[in-house]
Q: 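The structure's right below; bear with me while I get my questions together.
Order of the sequence lines fixes the chain letters, A, B, ..., with proteins taken first and strands second; residue numbering starts at 1 for each chain.
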Amino acid sequence: MDIRVRYAPSPTGNQHIGGVRTALINYLFARSKGGVFILRLEDTDQTRYSGEYVKNLYETFDWLGFRWDEGPDIGGPAGPYVQSERFALYREHAEKLVAMGQAYYCFCDEERLSTIRAAQAKDDSSEMGYDRHCRGLEPIVAAARLASGEKAVIRLKIPLEGTTKFHDALLGDIEWKNEDVSPDPVLLKSDGFPTYHLANVVDDHFMRISHVMRAQEWIPSAPMHMIMYKAFGWTPPELIHLPMVLGQDGSKLSKRHGATSVNEFRKNGYLPDALINYIAHLGCSFEEGRDIFTLGELEGLFKVEKLNKAPAVFDYQKLEWYNGQYIRMKSDAELVALVKPFLAEAGFVSTNDAVLLAAMPLVRERLHFLKDAPDMMRYLFKEPTLPAKEEFIPKKLDVGRAIELLAAAAAFLPSCDLANIEAAETAFRAEAERLGVKFGDLMMPVRVAITGSRVSPPLFESMALLGVERSVARLEKARAHLS
RNA sequence: GUCCCCAUCGUCUAGAGGUUAGGACAGCGGGUUUUCAUCCCGCCAACAGGAGUUCGAUUCUCCUUGGGGAUACCA
């Protein structure tokens with residue numbers, strides 16, 4: 001059997017962690033099996049749809065760097081891949097079900113429906129949902145009302161008795177009493193658009209989807225899908241319900257847990273490689289004793305059996321660690337390219353890439369997020385604003401001593417060869433000894449003078465980047481600042 | 001309320017009848033170091049509970065408890 005899987009997002013919001021995780025698992029499964037990964041746009045909700053979200057979808061996957069084999073933008077043999085372009089197909093099939101007696105027209109309006117809901121909520125009834133009011137309508141009567149222009153939806157007839165069972169490749173056999181299946185869900189809305197359930201089943205069938213991999217929140221709709229497949233006489237695809245992704249408090253991951261949309265992660269300086277690697281490991285394992293994988297490795301290693309059944313909590317701290325790991329794996333040139341947009345956004349426009357290139361080794365191990373680069377490198381672009389005097393004073397020393405040290409450093413620096421860091425350090429160590437202070441005590445006021453902070457990238461390298469002249473100027477300025 | 005799914009350190013997980021229950025993140029404590037970071041070493045920390053099955057259960061079965069999800073003309 002051909003392996004064909006799909007990611008079928010609804011463009012009613014920006015791409016978020018949960019969706020992208022589902023997409024990634026589908027993609028990895030397809031790749032691991034030599035199958036096809038399809039993108040299908042489920043734009044059936046006209047009230048929430050926006051072209052902005054479609055744009056966001058493409059941008060997101062461009063950034064992440066993995067792609068579908070068939071989809072709206074590249075076409076394919078099972079197109080079109082946008083549901084609004086398949087409009088006629090859904091009505092045709094909904095009406096087919098009506099003709100077969102498996103579905104029916106319902107004329108209940110919003111008002112009646114909400115009245116039912118309110119009543120059910122009030123007396124804690126175990127009976128929830130539609131009361132099947134129109135199910136018994138004679139077809140002739142329904143046809144007449146339809147002909148008179150009355151608005152209607154088409155609802156699926158869920159059997160009143162018996163059970164529906166299906167197999168989940170991960171969870172095993174699942175059996176539902178039909179009375180517990182959502183009573184007669186709407187297939188075709190009154191605006192003529194299909195609901196998710198109809199469009200999903202019809203498209204999965206005609207696109208020859210072999211495996212449906214989606215989050216576990218979809219389990220309750222699986223039985224009604226099965227009832228539809230059976231009504232149509234179609235063979236359903238294999239089902240695999242993926243463990244959900246939860247926030248720190250254990251509920252479904254959402255905005256209130258922090259960043260959830262992928263573009264937020266991008267803006268905050270996460271690397272796509274890190275995000276992909278981390279996300280792949282939510283509810284899935286690949287190989288023992290290893291945490292870092294390339295996308296290609298994940299493709300080769302993915303196995304459905306290694307999927308977990310239990311939901312996974314999204315851990316920003318672990319993702320941060322991954323991000324740092326991936327930043328450290330970048331070459332100087334790669335890192336420059338990654339960091340540049342963030343520097344530009346902060347107003348640090350480099351005229352000289354060589355300087356940036358040389359600066360990368362200074363910040364690489366210190367960076368957890370690309371976003372941190374501007375602050376960390378600010379002193380290379382702008383004259384630092386000098387902090388309070390105490391910041392300059394090493395432990396157990398006083399202002400006077402700090403001034404002396406700065407003066408000494410300013411006088412001494414021009415004689416150093418900053419092109420040779422080791423030699424410069426040796427020279428400074430000797431100078432510290434001559435001055436009768438610990439090496440670290442000499443360096444601290446110098447560090448604050450040069451970088452504006454007690455915490456900074458390596459000093460000698462920094463001074464080398466700035467050049468002797470600018471470095472001495474900063475030392476002098478700091479000395480004046482303290483006096 | 002009802003139905004469904006799930007259950008190993010705080011978190012992500014390994015484990016598929018016999019293990020000192022392993023790793024990673026976080027936390028804590030050391031070491032290296034011009035600060036910070038990196039890196040290295042160490043420590044802390046789990047089989048939800050109760051019945052079975054078995055010579056033996058983290059592992060199989062059932063129950064309880066706990067968590068999550070679904071109950072829309074949203075997906």
Q: Consider only side-chain N and O atoms of D184(A) and Y104(A), and report whether a donor and an acceptor are under 3.5 Å apart.
A: yes

Q: Would you check if there is a donor-acceptor pair between the side chains of S462(A) and Y379(A) at a distance under 3.5 Å?
A: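 S462(A) and Y379(A) do have a side-chain donor-acceptor pair below 3.5 Å.
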
Q: Between rC44(B) and rG30(B), how far apart are the two P atoms, rounded to whole Å?
A: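 That atom pair is separated by 16 Å.
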
Q: Please determine, for the side chain of V455(A), which listed nucleotide (rC36(B), rC74(B), rA14(B)) has the closest atom?
A: rC36(B)

Q: Can you confirm whether F107(A) sits close enough to L137(A) that some side-chain heavy atom of one is under 4.5 Å from a side-chain heavy atom of the other?
A: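 Side-chain contact under 4.5 Å: yes.
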
Q: Please determine whether a side-chain nitrogen or oxygen atom of K306(A) lies at a distance below 4.0 Å from atom OP1 or OP2 of rG15(B).
A: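 K306(A) to rG15(B) OP1/OP2: side-chain N or O found under 4.0 Å.
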
Q: Tell me which nucleotide among rU2(B), rA37(B), rC5(B) gets nearest to the side chain of D180(A).
A: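 Looking only at heavy atoms from C-beta outward on D180(A), the closest nucleotide is rU2(B).
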
Q: Yes or no on side-chain hydrogen bond (donor to acceptor under 3.5 Å, both in side chains) for N200(A) and E42(A), after CA distance, side-chain angles and deciding distance?
A: CA-CA 8 Å; N200(A) 205 259; E42(A) 306 215 331; 3.2 Å; yes

Q: Heavy atoms from C-beta onward define the side chain here; which of rG69(B), rC36(B), rA26(B) lies closest to that of P220(A)?
A: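 Among the listed nucleotides, the one closest to the side chain of P220(A) is rG69(B).
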
Q: Taking the same atom, P, in rA46(B) and in rA21(B), what whole-Å distance lies between them?
A: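 So the two P atoms sit 12 Å from each other.
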
Q: Please report the distance separating the P of rU38(B) from the corresponding atom of rC25(B), rounded so that it comes out in whole Å.
A: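 Going atom to atom, P in each nucleotide, I get 11 Å.
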
Q: Any donor-acceptor pair under 3.5 Å between the side chain of K318(A) and the base of rA26(B)?
A: no

Q: Answer yes or no: does a side-chain N or O of Q325(A) lie under 4.0 Å from OP1 or OP2 of rC39(B)?
A: yes

Q: Any side-chain to backbone donor/acceptor pair from R86(A) onto P80(A)? Under 3.5 Å, distance only.
A: yes

Q: Of all the choices, rU2(B), rA75(B), rA37(B), which nucleotide is nearest to the side chain of E365(A) once you look at every atom?
A: rA37(B)

Q: So if I take every side-chain heavy atom of D45(A) and compare against rG68(B), rA75(B), rA26(B), which nucleotide ends up nearest?
A: rA75(B)

Q: In terms of the angle between their ring planes, are F166(A) and H241(A) parallel, tilted or perpendicular, with boundaries placed at 30° and 60°?
A: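 Perpendicular.
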
Q: Quick check for you: among rC6(B), rA75(B), rG69(B), whose closest atom lies nearest to any side-chain atom of S10(A)?
A: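 Looking only at side-chain atoms, S10(A) lies closest to rA75(B).
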
Q: Please tabulate, one pair per line, each protein N/O and nucleotide N/O from nucleotides 71-73 of chain B that are separated by under 3.5 Å, including the distance.
A:
unit_1, atom_1, unit_2, atom_2, d
rC73(B), O2, S190(A), N, 2.8
rC73(B), O2, S190(A), OG, 2.9
rC73(B), N3, S190(A), OG, 3.0
rC73(B), N4, C108(A), O, 3.3

Q: Would you call the rings of F87(A) and F193(A) parallel, tilted or perpendicular, where under 30° means parallel and over 60° means perpendicular?
A: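 Perpendicular, since the angle between the ring planes exceeds 60°.
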
Q: Given rC36(B), rC5(B), rU38(B), which nucleotide is nearest the side-chain atoms of R366(A)?
A: rC36(B)

Q: Considering only side-chain heavy atoms of T44(A), which listed nucleotide, rA75(B), rC3(B), rC36(B), is closest?
A: rA75(B)

Q: Mind checking the C1' distance from rG10(B) to rG27(B)? Whole angstroms is fine.
A: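 Pairwise C1' distance, rG10(B) against rG27(B), rounds to 9 Å.
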
Q: Taking the P atom of each, how far is rA26(B) from rC41(B), in whole Å?
A: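 Straight-line distance between the two P atoms is 15 Å.
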
Q: Please measure how far the P atom in rU61(B) lies from the corresponding atom in rU54(B), and state the result in whole Å.
A: 16 Å

Q: Any side-chain N or O of T12(A) less than 4.0 Å from the OP1 or OP2 oxygen of rA75(B)?
A: no

Q: Want to settle it: does E217(A) or H368(A) sit nearer the 5' end of RNA chain B, counting the closest nucleotide to each?
A: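 Upstream on the strand: H368(A).
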
Q: Could you give the CD-to-P distance, from Q317(A) to rC25(B), as a whole number of Å?
A: 12 Å

Q: What integer number of Å spans the P atoms of rC9(B) and rG23(B)?
A: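 Each nucleotide's P atom is 16 Å from the other's.
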
Q: Would you tell me whether N14(A) and Y53(A) have side-chain atoms, one donor and one acceptor, within less than 3.5 Å of each other?
A: no

Q: What integer number of Å spans the C1' atoms of rU8(B) and rG22(B)?
A: 11 Å

Q: Starting from the 5' end of RNA chain B, give me the residue, C284(A) or L367(A), whose nearest nucleotide shows up first.
A: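 The residue closer to the strand's 5' end, by nearest nucleotide, is C284(A).
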
Q: Give a yes or no on whether a salt bridge exists between R401(A) and D398(A), defined as a side-chain N under 4.0 angstrom from a carboxylate O.
A: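 Salt bridge absent between R401(A) and D398(A).
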
Q: Categorize N308(A) for me: base, sugar-phosphate, or nothing, with a 4.0 angstrom heavy-atom threshold over every strand shown.
A: sugar-phosphate

